[in-house]
Amino acid sequence: MDTPESERAANLEGGYDPEAIEAKWQERWVDEEVYAYEGTEETDPNTTYAIDTPPPTVSGSLHMGHLYGHTLQDFAARFNRMHDGEVLFPFGYDDNGIASERLTEEDLDIRHQDYERREFQRLCREVCEEYENSFTEKMQGLGCSIDWNHTYKTIEPRVQRISQLSFLDLYEKGREYRKKAPAIWCPECETAISQVETEDDERHSHFNDVAFEVAGEDPPREEFVISTTRPELIPACVSVFVHPEDEDNQDLVGETARVPIFGHEVPIIADERVDMEKGSGIVMCCTFGDQKDIEWYQAHDLPLRVAIDETATMTDLAGDYEGRSTEEAREAIVEDLEDAGYLRDRREIVHDVGVHERCDTPVEYRVSKQWYVEILDHKAEYLEAGAEMDWYPEKMFTRYRHWIEGLEWDWLISRQRDSGIPFPVWYCADCDHPIMAERESLPVDPLSDEPPVDACPECGSEEFEAEEDVFDTWATSSLTPLINAGWDWDAESEEFTMDHPELYPFDLRPQGHDIISFWLFHTIVKCYEHTGEVPFDATLINGHVLDENREKMSKSRGNVVAPDEVIDEYPVDAIRFWAASAAVGDDFPYQEKDLTAGEKLLRKLWNASKLIDNLAPADPAEPNELEAIDRWLLAELDSAVEDLTNHLEEYEFAKARNRLRTFFWNTFCDDYLEIAKTREDSPSTQYALRTAHRTFLQLWAPYLPHVTEEIWQAVYARSEESNSDLESIHTDDWPAPQGYEADLAAGETAMEVISALRRYKSENQLPLNADLESVAVHGEIDGFEDAIRDVMHVADLEVLAEPPEITTEVASIDLDYSTLGPKYGSKVGEIDGGIESGEYEIDDEAGVLRVAGEELAEDLFEVELERSYSGDGEMLETESAVVIVG
RNA sequence: GGGUUGGUGGUCUAGUCUGGUUAUGACACCUCCUUGACAUGGAGGAGGCCGGCAGUUCAAAUCUGCCCCAACCCA
């Protein structure tokens, strides 16, 4: 009977079969908890690398952004796990908030209004759980080195406790307040929302020119016209504004206007916030049409006329229109204005409307009592905190700075929703004094739990009202560093503690560039206020994956590429190799053909490993002395290791990837392996081969975790035989330079000679293993003669002490412009001209070049000679050698 | 409307901060070749006025200004 693929021991037989092998390792890594974080309080924070990854919103399926973002994080996690020590790569789900409520409503085709609160919450948990399970499965299929024991959901009780602790702490620090003020309101979701939750959307609408009569005994004129896109707000009109420099309309200032149809009278006021360019330059101010109306309401102490309620239904202030939706009222009012002769013009326009990002409903502005976190007074601190972090790429800091500089509102954190984390607050029924829950009893739900006091400390009343609001999503998701570090209140010592203080501040915060302004910002605000520290040493901003035409993927465009489909087609390792191709922070397109480069690399690595396995024993002893060619390879390897380590420490994944690929493919496979084939009996070569191979596997491991693990287990790991715990390559040590010294120049020259001989064979249509009678080389190839002879099948290799008999003539003269320029300035043009026209003289005796009346010293120019060889055989030239093939 | 970032062979990209005359690599294309692993491999080749215009400079993909295009953020 066949052994199931998943249980087959690793070996190098046959071709590489990613489909079976990748699934096998993903399963074992999870089963054997290879990536479990094992640090404790005692662990040195300097050798602990902790990532705080923003938990994905539970809103559906895995997209390319998740794949790309997590792959980048995984590069960092895997490199640091090998290089530094303990790594925490946690995972969370953001299943708390409006997004998950809407998901539930859509999934079950229900409305939250039709359910009792607890019942709806239960449904949310169920729906989210299903989505989370399938998401987890897909994440594990990406092979990320996440510690699956270290996960959280933002709705779980532990996180609820942390959220409520955070609320109480900020309240005690005087950083939170409750205030009745205008706030952005979503009539569909029936909750206040914050500014960052709105976005602009283009909508078709009409501009309506409406006549207002001027009231009073002796008006300067009969009427004036205002333009509005929202006639349904006319009953809410509280004043009319004119710009103070608007000469045409100055006569109106100080007069009173009569609102058409509704008949109430409002003052006409001068204010420089009026946009004179728009319409007639006269505008009405309502409760509330836009943000400017709010500013006017505050600046001029205007009354409130609330004509639209929380469900976008007209109130009794709208008279006959009461009970209609804003849409219906708009049409009806326009008709009635026309009938009454007030409508002067009506034209179609397209304009931007603020809508709620979760449901695309145009938002309203409503006065309501809400909780705020005060942030405007600490802008300088938050800017300073952001500047303390390392930004990768650095330029992304600008976005953060501009965001903070442009802040105009404190952070509204209360939401009138069902499923969320409740505010741990009750209010005195008589005097409205807030009663905070006690820290020990958190999490609490004021709707079902009792307040911690029997009587109001202010007025003695014994009646309390529970706060019904829940926290804004970001009030919780801004706490992820504290959640991951196990932040809590210790009642005995009366201070905040962390289960894992060694993790905080976190080493890395990865995220897309679109959420710098709210998610990252809010996280810094919260953690900074709680701990007085910046929560992250560094932040890594990933770009977006675009479609093959460089356009943003979106459902409406239908150009979304689902990661599942890509993973079905291509090895995860190949996808990872592609993901490493873009500079961090840059958007880049997904093109299927780019994945073939990764596939080819996997095959190359596999095949090279097979060859090495045939050429040398797995663990050869180190010889006393290495031969030149082998020492050369290991010295080059040292330098690659050093470069790679530097790149990875700087999160330069693309640079590291390209450096490693070039060295592995060109230098190692194309050059060294071919030579090694002819030297398999040499203990020196055997040792170098194996050392390089082990090192390559380790260097590739962060990028190609599956194939390197398979080869590692097949060849080097002992866990298979000893039946002990898995000795994964991913928990092995990152290679360090071994200090090999070699004549790198001679090695380079030798490789040039080999290249030249290959080209010679290729051009003469000879097989590469064709024998060459005799070859003479003039150039520094000390110690590499045998290598050249063997790999190129040269019968007789001669190293010439003197250049071969050649006649030379000057082909060109290269000038060293970087020294020539500063020295001769504008004379350079003449010098160039002199050389071009042949009006120059080379004085070999003095070692100078005379041109354009100047004498250029030896180090300023280089004479390129055209060599022609008149002896036997054919001459081949390389950068630093001359080769004669006999 | 304001700001940020980017525009390099057919495609993707390195190089731009720190200016130096031969602009990197991959994919695709063309020609040739069975090196003891890999033909899904190897050796070669063709393909670029570095978005446009002006300026600074002996010298500009690189610095400056303006313009065009795209993405993102903010109005």
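Just so we're on the same page: letters track the sequence lines, and every chain starts at 1. None of these values were measured; they are calculated from a predicted model.
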Student: Using a 3.5 Å cut-off and no angle test, enumerate the donor-acceptor pairs between side-chain atoms of residues 822-829 of chain A and protein atoms at least two apart in sequence or in another chain.
Tutor:
| from | atom 1 | to | atom 2 | distance (Å) |
| --- | --- | --- | --- | --- |
| A:Lys827 | NZ | A:Ala852 | O | 3.3 |
| A:Lys827 | NZ | A:Glu854 | OE2 | 3.4 |

Student: List the residues meeting side-chain contact (heavy atoms from CB on, under 4.5 Å) with A:Ala538, not counting sequence neighbours, and say none if there are none.
Tutor: A:Asp390, A:Tyr392, A:Leu508
Student: Kindly write out the residues that satisfy ring pair (Phe, Tyr, Trp, His ring centres under 6.0 Å) with A:His66, not counting sequence neighbours, or none if the list is empty.
Tutor: A:His63, A:Phe135
Student: Under 4.0 Å between any heavy atoms, over every strand shown, what does A:Lys604 touch: base, sugar-phosphate, or nothing? Just pick one.
Tutor: base
Student: Whole angstrom is fine here: how far is it from CG in A:Leu601 over to C1' in B:rG25?
Tutor: 14 Å
Student: Mind pulling the stems RNA chain B is in, i.e. runs of at least three Watson-Crick or G-U pairs, everything under 3.5 Å?
Tutor: B:1-7 with B:68-74, B:10-12 with B:25-27, B:29-33 with B:41-45, B:51-55 with B:63-67
Student: A:Ala583 or A:Glu680: which one's nearest nucleotide on RNA chain B is closer to the 5' end?
Tutor: A:Ala583
Student: When you check every protein heavy atom under 4.0 Å of nucleotides 29-34 of chain B, what one-letter string (B, S, -) results, 5' to 3'?
Tutor: ---SS-
Student: Can the ring centres of A:Phe668 and A:Phe663 be said to be less than 6.0 Å apart?
Tutor: no
Student: For RNA chain B, what residues of residues 657-672 of chain A have any heavy atom nearer than 4.0 Å?
Tutor: A:Arg661, A:Trp665, A:Cys669, A:Asp670
Student: When the side chains of residues 590-597 of chain A are checked against the rest of the protein, which donor-acceptor pairs come out under 3.5 Å, sequence neighbours left out?
Tutor:
| from | atom 1 | to | atom 2 | distance (Å) |
| --- | --- | --- | --- | --- |
| A:Glu592 | OE2 | A:Tyr570 | OH | 2.9 |
| A:Thr596 | OG1 | A:Lys593 | O | 2.6 |

Student: Taking N or O atoms only and anything under 3.5 Å, show me the protein contacts with nucleotides 15-23 of chain B, one pair per line.
Tutor:
| from | atom 1 | to | atom 2 | distance (Å) |
| --- | --- | --- | --- | --- |
| B:rG20 | N1 | A:Tyr817 | O | 3.4 |

Student: Specify the separation, in whole Å, of atom NZ of A:Lys552 and atom C1' of B:rC73.
Tutor: 11 Å
Student: Tell me the salt bridge (Lys or Arg N to Asp or Glu O under 4.0 Å) pairs involving residues 576-591 of chain A, sequence neighbours left out?
Tutor: A:Asp74-A:Arg576, A:Lys395-A:Asp586
Student: Quick one: side-chain hydrogen bond (donor to acceptor under 3.5 Å, both in side chains) partners of A:Arg230, sequence neighbours excluded?
Tutor: A:Glu232, A:Glu364
Student: Flag the pair A:Trp185 / A:Tyr365 as yes when their ring centroid distance falls below 6.0 Å, and as no otherwise.
Tutor: no
Student: How would you list, by chain and number, every residue that makes a side-chain hydrogen bond (donor to acceptor under 3.5 Å, both in side chains) with A:Glu652, sequence neighbours excluded?
Tutor: A:His647
Student: Once each nucleotide of nucleotides 3-8 of chain B is scored for protein heavy atoms under 4.0 Å, what B/S/- sequence comes out, 5' to 3'?
Tutor: SSSS--
